[in-house]
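Read through the structure below, which is laid out as C-alpha cells, and then see the notes.
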Protein chains: 4
Amino acid sequence: MSIPKTMKAAVLFNFGDLRVTEVPVPSLGVGEALVKVHSVAICGSDPAIIAKGWKGYPKLGEFIPGHEFTGTVVAIAPDVTELKEGDRVAVEPHKGCGRCENCLRGLYTTCLNYGNYKKGHRHYGFSTNGGYADYAACHINTLHKIPDSISFEEGSMLTGAGTVLYGYDRIGWIHPGETVVVSGPGSIGLISAHIAKVLGAGRVILTGTRADRLAVGKKMGVDITLNINEVNVRDEIMELTNGIGADMVVECTGQPAPAAEALEIIRKNGRISYNGIYHEQVTLQLDKIVQWNLLITGPKAEGMLNLERAIPLMADGRINLKPLHTHTFKLDDINKAFDTFTGRVGGAIKVIVQP
Amino acid sequence: MSIPKTMKAAVLFNFGDLRVTEVPVPSLGVGEALVKVHSVAICGSDPAIIAKGWKGYPKLGEFIPGHEFTGTVVAIAPDVTELKEGDRVAVEPHKGCGRCENCLRGLYTTCLNYGNYKKGHRHYGFSTNGGYADYAACHINTLHKIPDSISFEEGSMLTGAGTVLYGYDRIGWIHPGETVVVSGPGSIGLISAHIAKVLGAGRVILTGTRADRLAVGKKMGVDITLNINEVNVRDEIMELTNGIGADMVVECTGQPAPAAEALEIIRKNGRISYNGIYHEQVTLQLDKIVQWNLLITGPKAEGMLNLERAIPLMADGRINLKPLHTHTFKLDDINKAFDTFTGRVGGAIKVIVQP
Amino acid sequence: MSIPKTMKAAVLFNFGDLRVTEVPVPSLGVGEALVKVHSVAICGSDPAIIAKGWKGYPKLGEFIPGHEFTGTVVAIAPDVTELKEGDRVAVEPHKGCGRCENCLRGLYTTCLNYGNYKKGHRHYGFSTNGGYADYAACHINTLHKIPDSISFEEGSMLTGAGTVLYGYDRIGWIHPGETVVVSGPGSIGLISAHIAKVLGAGRVILTGTRADRLAVGKKMGVDITLNINEVNVRDEIMELTNGIGADMVVECTGQPAPAAEALEIIRKNGRISYNGIYHEQVTLQLDKIVQWNLLITGPKAEGMLNLERAIPLMADGRINLKPLHTHTFKLDDINKAFDTFTGRVGGAIKVIVQP
Amino acid sequence: MSIPKTMKAAVLFNFGDLRVTEVPVPSLGVGEALVKVHSVAICGSDPAIIAKGWKGYPKLGEFIPGHEFTGTVVAIAPDVTELKEGDRVAVEPHKGCGRCENCLRGLYTTCLNYGNYKKGHRHYGFSTNGGYADYAACHINTLHKIPDSISFEEGSMLTGAGTVLYGYDRIGWIHPGETVVVSGPGSIGLISAHIAKVLGAGRVILTGTRADRLAVGKKMGVDITLNINEVNVRDEIMELTNGIGADMVVECTGQPAPAAEALEIIRKNGRISYNGIYHEQVTLQLDKIVQWNLLITGPKAEGMLNLERAIPLMADGRINLKPLHTHTFKLDDINKAFDTFTGRVGGAIKVIVQP
C-alpha cells in the first residue's frame, strides 16, 4: 500500500488550541506498525488534556491527542510478524517500558518509567502522539486484531470496555448472581453496568441524576435504575437487599458524595471498585473498611490485556456498546466534535472522530 | 398445612433393592424445615449409591436416597425465621458440621466430620436420608428460596449448576473472552459448557463421542463441537488456538484418557478443572504442570453457596437447563426411572422423579 | 474437677461503673466448654465498651467484659469431643451464627446475625459475657488449644496476633522481601510490624510519635523507625525506596492524617491494610486508588481461624509478644489495671488481668 | 575497566563434549550489561543439557551452558541507566520476549516465543549462552543487584530460591502455622523446606531416603525428617496430623511414586506444589483432586521476579543456603566439577564453578 509522506492531524499548538494541520507521517521503530486510523472515540479525559495537559506532557506544537482508536495496519517494521498489512486493529493506549519491576510483573499501565520515551514507554494521546490523525505508529504490544463483525466505530470503545474489565479483574471478577450497584451513568458507568450483567451479575442497579442516561442503562441490561434526585439511594438499596447491602459497588461518577456513599450501600465483606476520575479529595467513613471487612480497588486503564478479553464478546454481540455511540464527525470538525461531547449536545455520549 | 404421620418413600432395603414403601414423616430438629418434595433429579452418582453404597453408608432398610431436589416448605422448627411455610426451595445436599476447621473456613463440602450425624453433618441421599419421598427434613443452611420463574423441575438441576459454579469459583472464575474446552457431554459437561459461555467465555469447545449429546451442547451455547471418533481433538484444538492451546479445560468424562489429554490441549499457564468422578487411576504427563505453569483444581460439590449463585441466573433464563430434562416419572415408577437414566433410554439425560 | 456455683466477675453495672462482684458460674450449652480463666489482656476497645457500650450492647448489671483471654478447660458439654478437661486454651472472641451467608462462607467475624443470641452468635466481651471472671462458658469453635510452651499471659495476646494475621490474609499475605510500613506503635501496630518481619518482609519501617514505643518496635524486629515529630515521613520513605514508595502500608493509628498519608507513601500497585479503629471520617486522595492501582482492605478481628495460625509460631518463639506485656493485675484490681492501661502508666502497653 | 577481546569459556562441542576454550567476549545489545562472572552453581538440569541438549537447543560448537550465576557489571549498553559498572549482580536465566501475551501478563518464564532470539527471548544456558565463562552479556531484566552481605557463591543459589518462591507464590504463599511436607532432599527440596519455615510454616516435614541429606534439612530448619526406607511416610504423616493430612505438599523428587503419594498425604482442601522435573509419566488417584478439593500447581522457574524477592532475606541471613554449597572448582576443572556433582562425590550438593 502506498503511504504518503505527510498527513492530516489534529495538533495541540497551545493549551486549548487544537488545530488540524499537515504533519509528517510517523516512521516506524522496532516492533511497530503503521495504522491507518479509522475511528477515534473522544474520551472523558481528552478535553482536560487539551485544556491543560497531563502530568508534564505533551510537547505543544507537536502533540497529537486521541487514545481510543481503531484502524487498519498499512505497514510493519521489519521485525514484526505478529501482524500484517490489512489487519483491522484496536489500539491500546498504554505500552509499558518492559523493563521496570511493574512491567515485568504484567502491570504495564502503572509502568515505573511512565513518559520515558527512551526506555520504551508509550501512552498514546497522553505522553506520546495518538490517534486524531490519518496515521499512527503503534507498537504491536498495543495492537489487537478485531474481526469484521466488530465495526471500527464500536471497536473504538474497546478501550473503555478493557478498563472496565480490568476493574473487575482486579476486584476478583463478578461473582455469579451477585447484586452490583453502579453509580454514575457516564460512558464508563454504562459500560460497567452492561458488562456486569454480561459476566453474570444477578442484578445490576444503576444510579444517577439524568433520566435519559438511566434509560440508556436500561437498554444495556440494567435491571433497576435509581434517580438520586427522586429517591434515597441508600434506603432503596437496603430495601432491595433485605437490609444487607450490595455485593459490589462500582463507583463511576468521580464525585466525592457517591464515592463516600459507596461505603454506606455495600454489604459486609462487599467489594468496591472505584472507576472514576476523582479531582477532589473524598471524605469517607474509613472505619467501615475494617469493621465490614471490605475490599477496595480501582483499575488503572485497560491493564493485563483486558482490552483483548473484550474482543470475542463484542464480536458476537454479548458486549454491545453501540447504544453509546451517538455522534460522528470528520477530523476537520474535531473542535465541533469536542463541543458536542463536552456540551452533551443532542444527548451525546460517545462522539467519534474519523480522519 | 396438615401434615400426615406417614409418607411414601423409596427405601434401599439392600444393595440394588430400592422399593417404595410407607415410612414415618421425619420430625424436625433445630434449624430444620420440612419440605414437601416436588421434583428429584437422578444424579449420575445415584445408581452407584443404590448398587453399593457410599463410603460406609447408608443404613439399609431405612435409607432414602435422592439429593437433587426441590419442593415447598410446609413446616419449620421453632427457631427458624429465615423461611416460612409456602416458600419454594431448592435443596443443597451438603450441610457441614459447622465446627471443624474446614466448615469454619467455609469449606463445608469437605467437612472433617463427614457422616458424623451427632456433630451435625448431613449429606442428604448419601449419609443421611434424601429426597425420593413425599417429605424431607432439611436444615435451613441447605435450603435456598427459588422464585416462581424457576420451575421445580429445572430447579432440581440447581445442584449440578452449583457444582459447576464451585469449580469455576475455585479455579478463579471464567476470564472473559477465553477459550474453554469441556470434555464429556454428560449432564455436568453440558452444564459446564453452558455456564462457561453464560459467564463470558469467548469460545466454548465441547468434545465427546455421542453426536446427539454434542448437538444438545450446541443448543446450549457451545460454539464448536468435536467428535473424538471423527477428529484428532488435540490437533483440532491446537489449530483452533494458533498452536497455543486452550485457556481452560474442564474435564467432565471421568475417564483416564481425556483426563490425561487435558494436559496436552492446555496452554502455558492454563487452568484445568477436573469435574468428573474418576473411578480409575489416571496416568499423565505431570511434568507439564511444572514446565507449563498449570493450575489445577476440582470442585467438591456445590460448595461456598454456589448453588445460590445460580438462582438469579436461572430465574431470568440466562442459565437454561431445560434442554437437559428429558424424562419425568412418578415416585412409584422410580425403578423404571433409573432404568431409563442408566440405559439412556430415549436419549435420556436428566430424569426427574416426582412424589 | 469441682466447680463452684458462684464466681467472682467484673460486672458493668452502668456505663463507667465496673465492679467485681459474685455471680453464678455460667452453665454450658451445646458445643460449649467451661474455661477457668487465667489471663485476660486489656484491649484498646475495652475502655470504650465500658464507657459507652458497643452498638446497642450490653445488658447493664449483667455484662462481664473482656475478650482476650486464656485459661483451662474444666468442664465440657455432653456433645463435645474436641476438647477435654485440663486442656489449655486461647479464646477467640467471635462465634458466628453458622447459618447466615457470611458464616457459611467462612466470614464469621462479619456474621449477619451479629448479636442475635438465639441464632447462635456470640461475641464475648462485646455482645455476650467475656473473660473478666473466674470462669467463662465458650463454644468449641472459639477455643484453640495452646501448648505448654505458650504462657497463659502471652497466649492472651493471640487475639491481637490473629487479627493482624487476618489482615495479611485478606491483603494476600506478605510477599517475601517487600518493604512494609507500619504506622502507629500501639499494640496492634507493634504486632503488625513484628509479624510482617516474621513472615518474610524484607524491610519493616515503623512510624510514630513516641520514642519509647518505637524502641519497642526495634526490639521486635523493626528495621527502621521514623519519628514523625522529627522527620518528614513521606520524604524519608520515598528516599528509602528510591522514589517508588512502600510495597505495603499497614495503618494502625486510627487517626485521619496517617490514614490519608498511607496513599502518599505507597507504591504503584501497592497494598494498604487499615488495621486501626477510625472514630473520625478520613479525607483522602481517592484518585490514587485508581491511578496507582491500589488494593485496600482491613481485617474485622481474627477471622478465618487466624488466631489458630499464630499458635505454632508463638509456640516456638518466632512470634514473640512478651515485650508487649508490661503489667499484671489481679481481677480485684481491674479498675487500677484499666487506669494503668489508659494512662499508659509506667509505659504500659498490654496490661493483663488475672482472676 | 579494560575488557579483553577474548575470554575463556566452557563450550559444548558435541553432546557430552564440554571443553574450556578461548572465544570472543560477547558484545552488548540494547538493554544489556556485560557481567564478569564470579560463581556459577551447577544445576540439576545442567548434566542433561550437556548430555543431550534442551528442546532443539543449543548450537553445538558455540554454546556456553550455565545459568545459576553471579558476577560484577563491567560494562553497560548506552541505554542502560538501571545499573552501573561495579554493581554486584545475580543473574536470572529467563528473559521473556516482552511482546507475547504471557510476557505482557508477567508470565515471562513461559514466554510463547521461547527460543526465538530475534523476538528478544533469552534463556541463558539453555537456548542462549550462559555463565560458564569469564564474561556474559545479560539483559537488565535479568540482573538483580545483590548487597555485599551476599557472597557471590551463595548468590549463585538465588535462582533456586527464586524458583521455590515462585512455587509458593503460585500456590498462594505459605499460610502461617501450616504443616508443610517436602518430599525429596535434593537442593530444590532442601531450599523448599528451608524457605517454608522462613516464611512462617508451623511445621516442616522432610521425607527422603538419604540420611545425610535429611540431616542437612534438619540444619536448615526442618522440624521432622522421615526416612522412607525406615517408616511408612503416609502413616507417619497421618499420625502427626491427627488423621487429617498435611496442609501443603511440595513434591521435589521428580519421581512417580512420591508424586502420586502427595495426594495420599494431603488434607481435604490441601495444596500441592510440584517442584520436581518429572521425566516419567505419573499414575495417580486423580479423583482425590475433586473429592478432596485440592489445588495443584508447579513453578516454571523463578517467574514474576521471585529471584529478587529472595535477596533481602538472604542479605540478612534469614534465607541461608550456605549449607548447600559443598564444593568449588575453577572453570578449567569444570568436567571434574560435573563429575563431583553427578556422582555426589564427598556428599556434594551444590557445586560451584568459578572462572
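Chain letters run A, B, ... following the sequence lines, proteins first and then strands; every chain starts at 1. None of the values given here were measured: they were computed from a predicted structure.
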* Asked: Given that the side chain runs from C-beta out, which part of A/L294 has a heavy atom under 4.5 Å from chain C: side chain, backbone, both or neither?
  ->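 For A/L294, backbone heavy atoms alone lie under 4.5 Å from chain C.
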* Evaluate side-chain contact (heavy atoms from CB on, under 4.5 Å) for A/Q285 paired with C/E280, printing each intermediate quantity in order. => CA-CA 7 Å; A/Q285 204 62 42; C/E280 296 169 51; over 6 Å; no
* So, do A/I296 and C/I272 sit near enough that their side-chain heavy atoms are less than 4.5 Å apart? ->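 A/I296 does not reach C/I272 side chain to side chain.
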* Please name the pair of heavy atoms, one in A/I289 and one in C/T297, separated by the smallest distance, quoted to 0.1 Å. =>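 Result for this residue pair: CG2-C, 3.7 Å.
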* Quick one: do C/K268 and A/Y114 satisfy side-chain contact (heavy atoms from CB on, under 4.5 Å)? Show the steps, please. => CA-CA 11 Å; C/K268 287 181 179 179; A/Y114 187 93; 4.1 Å; yes
* Any chance NZ of C/K55 has more than 12 other-residue heavy atoms, nucleotides or ligands included, within less than 6.0 Å? ->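 Yes, because the 6.0 Å sphere around NZ of C/K55 holds more than 12 heavy atoms from other groups.
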* Quick one: of C/L112, C/L295, C/V290, C/I277, who has the most non-hydrogen atom pairs under 4.5 Å with chain A? ->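 Looking at each option in turn, the highest pair count goes to C/V290.
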* Asked: Do we see a donor-acceptor contact under 3.5 Å between the side chains of A/D287 and C/Y274?
  ->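 Side chains of A/D287 and C/Y274: no pair found under 3.5 Å.
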* Asked: Atom NZ in A/K300, atom NZ in C/K288: separation rounded to 0.5 Å?
  ->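 That separation rounds to 12.5 Å.
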* CG of C/L286 to CG of A/L284: how many Å apart, nearest 0.5 Å? ->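 Result: 6.5 Å between the selected atoms.
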* Pull out the residues in residues 101-111 of chain C that come under 4.5 Å of chain A, heavy atom to heavy atom, sorted by number. =>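 The residues closer than 4.5 Å to chain A, in numerical order, are C/E101, C/N102, C/L107, C/T109, C/T110, C/C111.
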For residues 237-245 of chain A, dump all side-chain donor-acceptor pairs below 3.5 Å to protein atoms at least two apart in sequence or in another chain.
| unit_1 | atom_1 | unit_2 | atom_2 | d |
| --- | --- | --- | --- | --- |
| A/T241 | OG1 | A/I237 | O | 2.7 |
| A/T241 | OG1 | A/M238 | O | 3.3 |
| A/T241 | OG1 | A/G245 | N | 2.8 |

